[in-house]
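Below is one structure, written out as structure tokens; the observations come after it.
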Amino acid sequence: MVAPDMEKIVSLSKRRGFIFQSSEVYGGIGSTWDYGPLGVELKNNVKRAWWRSVVYDREDMEGLDAAILMNRLVWRYSGHEATFSDPLVDCKQCKKRFRSDHVQGKVCPECTGELTDPRSFNLMFQTYLGPVQDDSGLAYLRPETAQGIFVNFANVQQTMRRKLPFGVAQIGKSFRNEITPGNFTFRTREFEQMEIEYYCKPPKYLQSGEKDDEVLHQEWIEQRFNWYVRLGIAPCRLQKREQSKEELAHYAKATTDIEYIFPGSLGWSELEGVANRQDYDLSAHSKDIPETDLERLKLSKNIDSIQKLDYFDEQYVDPETNKKGARYIPYVIEPSAGADRATLAFLCEAYNEELVSEPKESDLTQLREACTLAAKNLEKKVAEAEKQKAKGGETKVDTKESPTLEQLKAISDGLARAVEGLPKTLLAFEDVCNMPGADRLDVLKKTRPIAAKLCDEYTRVVLKLHPQLAPIKVAVFPLKKNEPRIVEVAKKIRHDLQPYLRIVYDDTAGIGKLYRRQDEIGTPFCITVDFQTLEDHTVTVRERDTMQQERVAITQLAPHLCQKIGLSIF
RNA sequence: GCGGGUGUAACUCAAUGGUAGAGUGUCAGCUUCCCAAGCUGAAAGUUGUGGGUUCGAUCCCCAUCACCCGCUCCA
């Protein structure tokens with residue numbers, strides 16, 4: 001099971017300190033979100049796992065952290081200044097919106113209504129450097145981190161003495177004035193990217209046995225796909241989608257999106273795009289690019305750059321002249337991921353509601369009675385709706401007052417199935433109450449709290465996050481908090497493990513509730529100090545997903561847990 | 001930007017044209033030898049914000065903000 005809808009994630013995020021609405025005390029501000037104490041741990045872990053995977057676990061990668069503010073010319077020559085400010089027109093009659101260069105005259109192509117004057121929508125945030133707000137100080141908040149990597153190509157290559165192929169990774173904030181943000185943290189105006197520019201040889205300069213750009217492109221797609229899977233995303237909810245020729249930006253030879261199927265209306269959506277951008281970007285920022293290449297890349301001559309971002313290949317031997325060495329602009333493969341999107345995907349994927357134990361039949365009586373009542377009422381409503389349909393001939397639309405016939409039937413069926421499957425289907429009642437139209441049925445409003453109360457008692461919410469991503473790795477509890485010897489040992493364990501692991505101590509509830517609390521935030525291991533501990537210096541280590549326990553000597557806890565979590569200290 | 005919906009305690013939701021309730025959660029204490037147990041007590045909301053109608057608005061009307069759904073858009 002994964003999150004059934006995004007609202008579950010939003011509500012859990014708020015309740016347990018993962019993600020808050022930004023500027024909440026002033027009523028919020030559109031599409032911005034703050035990561036709370038657990039959210040920042042989770043997102044940091046995602047970024048750290050990414051950095052480890054693409055920088056530390058390879059021999060051919062370097063890191064970078066470029067400034068958010070850059071010379072305006074970067075965005076002129078990258079093409080953003082032109083393509084990021086579309087003049088748009090709206091139809092005053094049918095409210096559709098068009099790019100003004102796609103429309104003839106001042107008439108709507110669809111309904112022939114009158115169009116507004118063109119308005120410029122610049123998707124880049126502007127700001128001014130220095131005290132005077134005029135064009136001389138105009139700067140943009142970067143809409144992508146990639147350009148910071150491109151313009152530093154020569155710096156990185158020379159200082160690290162790199163030979164092709166090699167890549168540069170960067171994590172950082174980007175800003176886009178999106179027209180339609182939404183879907184929680186999925187599309188926001190301020191977001192964090194994890195981008196790689198992997199520089200390689202253009203096909204012409206390859207020597208035998210070397211991988212070409214297309215092979216490297218495929219390898220990156222595979223590696224990035226597998227990264228998500230390794231950290232817990234089920235492959236069935238992840239897909240590679242190759243962009244069609246029509247979708248491709250003119251500078252991209254090929255792009256494959258890695259998509260995750262998010263809950264609710266969001267559905268299949270992009271986590272990451274892996275593009276083969278050829279030599280477009282480095283050429284764009286270089287002086288002295290030959291006319292033929294400018295034409296091929298549809299670039300205009302760069303009259304402002306003071307560098308040529310090319311590469312001297314000493315090994316290359318010209319097959320015709322036998323001349324050694326060549327100077328050329330490298331190709332680039334760009335795996336560009338969203339840190340917030342990955343974090344959201346991991347949260348959605350990890351979310352589980354489980355029946356911990358089967359409810360006693362005596363506890364179910366009230367629910368069964370309420371359902372019988374609801375079923376009868378629904379039957380009546382269905383019959384009414386059918387009669388009306390036969391009479392009026394017209395299918396009733398989904399109105400404020402009552403659900404449609406189809407909705408009624410679906411709810412009725414859902415309820416019947418849920419009742420039949422009891423006690424195993426306890427969790428299904430909530431789904432039934434959330435079906436379209438159900439909110440307008442009073443009978444279900446009465447059933448909901450009864451089912452909810454049972455769910456509280458017999459189910460748990462558990463985030464099955466990969467241990468490396470979990471915000472808290474270990475929690476320590478005393479089995480009895482009014483037994484000072486046990487409390488003392490538990491607190492000492494927390495203190496001793498603190499240098500190795502993110503660990504918390506809690507004794508403010510019964511043991512069952514303490515476990516549930518940690519389940520809900522994805523803590524993979526809970527240590528409980530009990531009476532046996534006082535005799536043999538062992539504790540129980542309880543595993544989140546299975547709820548199984550094993551006894552471990554206190555002295556072995558650090559290596560034992562670090563090994564299970566996959567930390568490399570021991 | 002357009003259309004529809006929502007906004008009440010930290011969360012989930014009730015209620016009413018006459019100064020707001022429940023469950024969960026949180027906190028304190030007691031109790032408890034392993035999975036949201038029990039008991040006692042407590043804190044917590046100018047009902048998103050600002051106007052209007054009214055003797056009186058959380059409820060009706062208008063505006064605004066935020067979120068959700070659908071369009072539109074999306075390197």
Side-chain angles (χ1 to χ4, degrees), chain A residues 5-8 10-17 20-33 78-80 83-84 86 88-99 116 119 121 123 143-144 146 176 178-184 187 243 247-252 255 257 264-266 269-270 273 275 277 280-281 334 336 356-357 398-400 430 433 436 439 445-446 448-450 452-453 455-461 477-483 486 508-520 526 528-534 539-540 542 544 547-549:
Chain A
D5 56 72
M6 198 62 95
E7 273 170 60
K8 288 269 189 195
V10 176
S11 141
L12 176 75
S13 294
K14 172 89 190 286
R15 189 158 40 85
R16 297 308 310 269
F20 309 124
Q21 165 92 66
S22 193
S23 310
E24 196 181 18
V25 297
Y26 288 109
I29 174 173
S31 94
T32 54
W33 302 90
S78 70
H80 289 80
T83 62
F84 247 47
D86 295 331
L88 300 177
V89 293
D90 295 296
C91 173
K92 289 176 179 171
Q93 193 170 303
C94 70
K95 310 292 184 194
K96 288 236 164 70
R97 172 175 288 169
F98 309 92
R99 275 177 58 170
T116 60
R119 285 180 294 172
F121 277 75
L123 295 181
E144 63 173 31
R176 296 180 192 180
E178 296 282 357
I179 296 168
T180 314
N183 288 111
F184 200 31
R187 179 172 283 114
Q243 286 190 10
E247 277 180 277
L248 280 180
H250 67 272
Y251 47 74
T255 297
D257 288 340
S265 62
L266 188 51
S269 301
E270 181 185 346
R277 296 173 70 106
Y280 178 87
D281 302 278
E334 180 191 79
S336 172
V356 175
S357 59
D398 186 6
T399 64
K400 204 170 175 178
E430 205 195 328
C433 292
D439 54 326
K445 277 188 185 161
K446 281 168 194 153
R448 180 196 277 263
I450 300 170
K453 188 140 195 299
C455 284
D456 266 345
E457 195 172 344
Y458 290 104
T459 67
R460 66 167 181 164
V461 171
F477 314 135
L479 186 58
K480 240 176 96 114
K481 74 170 162 185
N482 56 2
E483 172 54 64
I486 288 181
T508 57
I511 192 72
K513 188 179 284 189
L514 295 177
Y515 284 142
R516 294 292 206 283
R517 270 186 199 156
Q518 296 302 322
D519 286 342
E520 205 177 24
C526 292
T528 301
V529 177
D530 56 18
F531 287 89
Q532 193 182 327
T533 309
L534 301 177
V539 293
T540 62
R542 177 251 200 196
R544 178 193 64 203
M547 299 194 284
Q548 298 292 307
Q549 294 176 304

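Numbers restart at 1 for each chain; the letters A, B, ... are given by sequence-line order, proteins then strands. Predicted, not measured: the structure shown is a model, and the values here were computed from it.
Considering every non-hydrogen atom in both A/Phe20 and A/Lys14, the closest pair reads CE2-O, 3.6 Å. Here the closest non-hydrogen pair linking A/Leu534 and A/Ile486 is CD1-CG1, 4.0 Å.
Between the CD atom of A/Glu520 and the C1' atom of B/A36 there is a distance of 10 Å, given to the nearest Å. Atom CD1 of A/Ile486 is separated from atom C1' of B/U32 by 11 Å (rounded to the nearest Å). Rounding to whole angstrom units, CD of residue A/Glu483 and P of B/U31 are separated by 12 Å. Per the geometry, NZ belonging to A/Lys481 stands 14 Å off P belonging to B/C33, to the nearest Å. Spacing between atom CD1 of A/Ile511 and atom C1' of B/U31 amounts to 15 Å, rounded to whole angstrom units. Rounded to an integer number of Å, the gap from CG of A/Leu514 to P of B/U32 is 16 Å. Note: CZ (A/Arg460) to C1' (B/G25) measures 19 Å, nearest angstrom. Whole-Å rounding puts the A/Gln21 CD to B/U49 C1' distance at 14 Å.
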| Can A/Trp33 and A/Ser13 be said to form a side chain to side chain contact (heavy atoms under 4.5 Å, CB included), step by step? | CA-CA 11 Å; A/Trp33 302 90; A/Ser13 294; over 6 Å; no
| said: Under the criterion side chain to side chain contact (heavy atoms under 4.5 Å, CB included), I'd like the reasoning laid out for A/Glu483 against A/Phe531: C-alpha separation, chi angles, the key distance, then a yes or no. | reply: CA-CA 9 Å; A/Glu483 172 54 64; A/Phe531 287 89; 4.1 Å; yes
| message | Determine whether A/Val461 and A/Lys8 satisfy the following criterion, side chain to side chain contact (heavy atoms under 4.5 Å, CB included), listing intermediate values before the conclusion. | response | CA-CA 10 Å; A/Val461 171; A/Lys8 288 269 189 195; over 6 Å; no
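You'll find a donor-acceptor pair under 3.5 Å spanning the side chain of A/Thr540 and the base of B/C34, going by distance alone. If you check distances only, the side chain of A/Arg542 never reaches the base of B/C34 with a donor-acceptor pair under 3.5 Å. Put simply, the side chain of A/Glu178 and the base of B/C74 share no donor and acceptor less than 3.5 Å apart. Within 3.5 Å, a donor on the side chain of A/Asp530 pairs with an acceptor on the base of B/C34, or the reverse. For A/Arg187 and B/C74, a side-chain-to-base donor-acceptor distance below 3.5 Å is present, hydrogens and geometry of angles not being considered.
The side-chain hydrogen bond (donor to acceptor under 3.5 Å, both in side chains) search around A/Glu520 returns A/Arg15, A/Arg16, not counting sequence neighbours. Remark: A/Asp519 engages A/Arg460, A/Arg542 in a salt bridge (charged side-chain N to carboxylate O under 4.0 Å, His left out) (not counting sequence neighbours). Residues passing the ring pair (Phe, Tyr, Trp, His ring centres under 6.0 Å) test with A/Tyr251 are A/Tyr280, sequence neighbours excluded. Annotation: side-chain hydrogen bond (donor to acceptor under 3.5 Å, both in side chains) contacts of A/Asp530 (sequence neighbours excluded): A/Thr533, A/Arg551. Every side-chain contact (heavy atoms from CB on, under 4.5 Å) that A/Thr459 has, sequence neighbours left out, goes to A/Leu355, A/Leu427, A/Cys455. Legend: residues meeting salt bridge (charged side-chain N to carboxylate O under 4.0 Å, His left out) with A/Arg516, ordered by chain and number and at least two apart, are absent. Residues passing the side-chain hydrogen bond (donor to acceptor under 3.5 Å, both in side chains) test with A/Ser269, sequence neighbours excluded: none. The side-chain hydrogen bond (donor to acceptor under 3.5 Å, both in side chains) test applied to A/Arg544 returns no partner, not counting sequence neighbours.
Comparing the P positions of B/A28 and B/C68 gives a spacing of 35 Å, expressed to the nearest Å. Across B/C55 and B/A44, the matching P atoms stand 35 Å from one another, rounded to whole Å. Of the C1' atoms belonging to B/U64 and B/G29, the separation is 47 Å, rounded to the nearest Å. Nucleotides B/G45 and B/G21 place their P atoms 14 Å apart, quoted to the nearest Å. B/C59 and B/G7 are spaced 12 Å apart, taking the P atom of each and rounding to whole Å. For the P atom pair drawn from B/G17 and B/C35, the interatomic distance equals 48 Å after rounding to whole Å.
Put simply, the side chain of A/Ser265 reaches to within 4.5 Å of the side chain of A/Asn183, judged on heavy atoms.
Look at A/Tyr515 and the base of B/C34; the rings do not stack under the cut-offs of 5.5 Å between centres and 30° between planes.
Of the candidate nucleotides B/G70, B/C35, B/C34, B/C35 has the atom nearest to the side chain of A/Arg516. Taking every side-chain heavy atom of A/Leu479 into account, B/C33 is the closest of B/C73, B/A36, B/C33.
Atom CD of residue A/Glu247 and atom CG of residue A/Asp257 lie 7.5 Å apart, to the nearest 0.5 angstrom. Between A/Arg176 atom CZ and A/Glu144 atom CD the span is 6.5 Å, to the nearest 0.5 Å. Distance check: A/His80 NE2 to A/Leu123 CG gives 10.0 Å after rounding to the nearest 0.5 Å.
A/Phe184 comes within 4.0 angstrom of the backbone, heavy atoms only, and of no base. Nucleic acid contact for A/Gly510: none, since no nucleic acid atom lies under 4.0 Å from a heavy atom of the residue. Among the protein residues, A/Glu144 comes within range of the nucleic acid bases, having at least one heavy atom under 4.0 Å from a base atom. Base contact: A/Thr180 has a heavy atom under 4.0 Å from a base atom. If you check every strand for non-hydrogen atoms under 4.0 Å, A/Ser31 touches sugar and phosphate atoms only.
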Contacts under 3.5 Å, N or O only, protein and nucleotides 9-12 of chain B:
| from | atom 1 | to | atom 2 | distance (Å) |
| --- | --- | --- | --- | --- |
| B/A10 | O3' | A/Lys14 | NZ | 3.3 |
| B/C11 | OP1 | A/Lys14 | NZ | 2.6 |

Nucleotide N/O to protein N/O under 3.5 Å, stretch nucleotides 26-28 of chain B:
| from | atom 1 | to | atom 2 | distance (Å) |
| --- | --- | --- | --- | --- |
| B/U26 | OP1 | A/Arg517 | NE | 2.6 |
| B/U26 | OP1 | A/Arg517 | NH2 | 2.5 |

All N/O pairs under 3.5 Å across the protein-nucleotides 40-45 of chain B interface:
none

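RNA chain B forms stems at B:1-7 with B:65-71, B:10-13 with B:21-24, B:26-30 with B:38-42, B:48-52 with B:60-64, each a run of 3 or more consecutive Watson-Crick or G-U wobble pairs whose two key distances fall under 3.5 Å.
Within the structure, every side-chain polar atom (N or O) of A/Thr459 is placed at least 4.0 Å from both OP1 and OP2 of B/A36. Put simply, A/Asn183 has a side-chain N or O that comes within less than 4.0 Å of OP1 or OP2 on B/C69. Proximity of A/Asn482 to the phosphate of B/U31: a side-chain N or O atom is located under 4.0 Å from OP1 or OP2.
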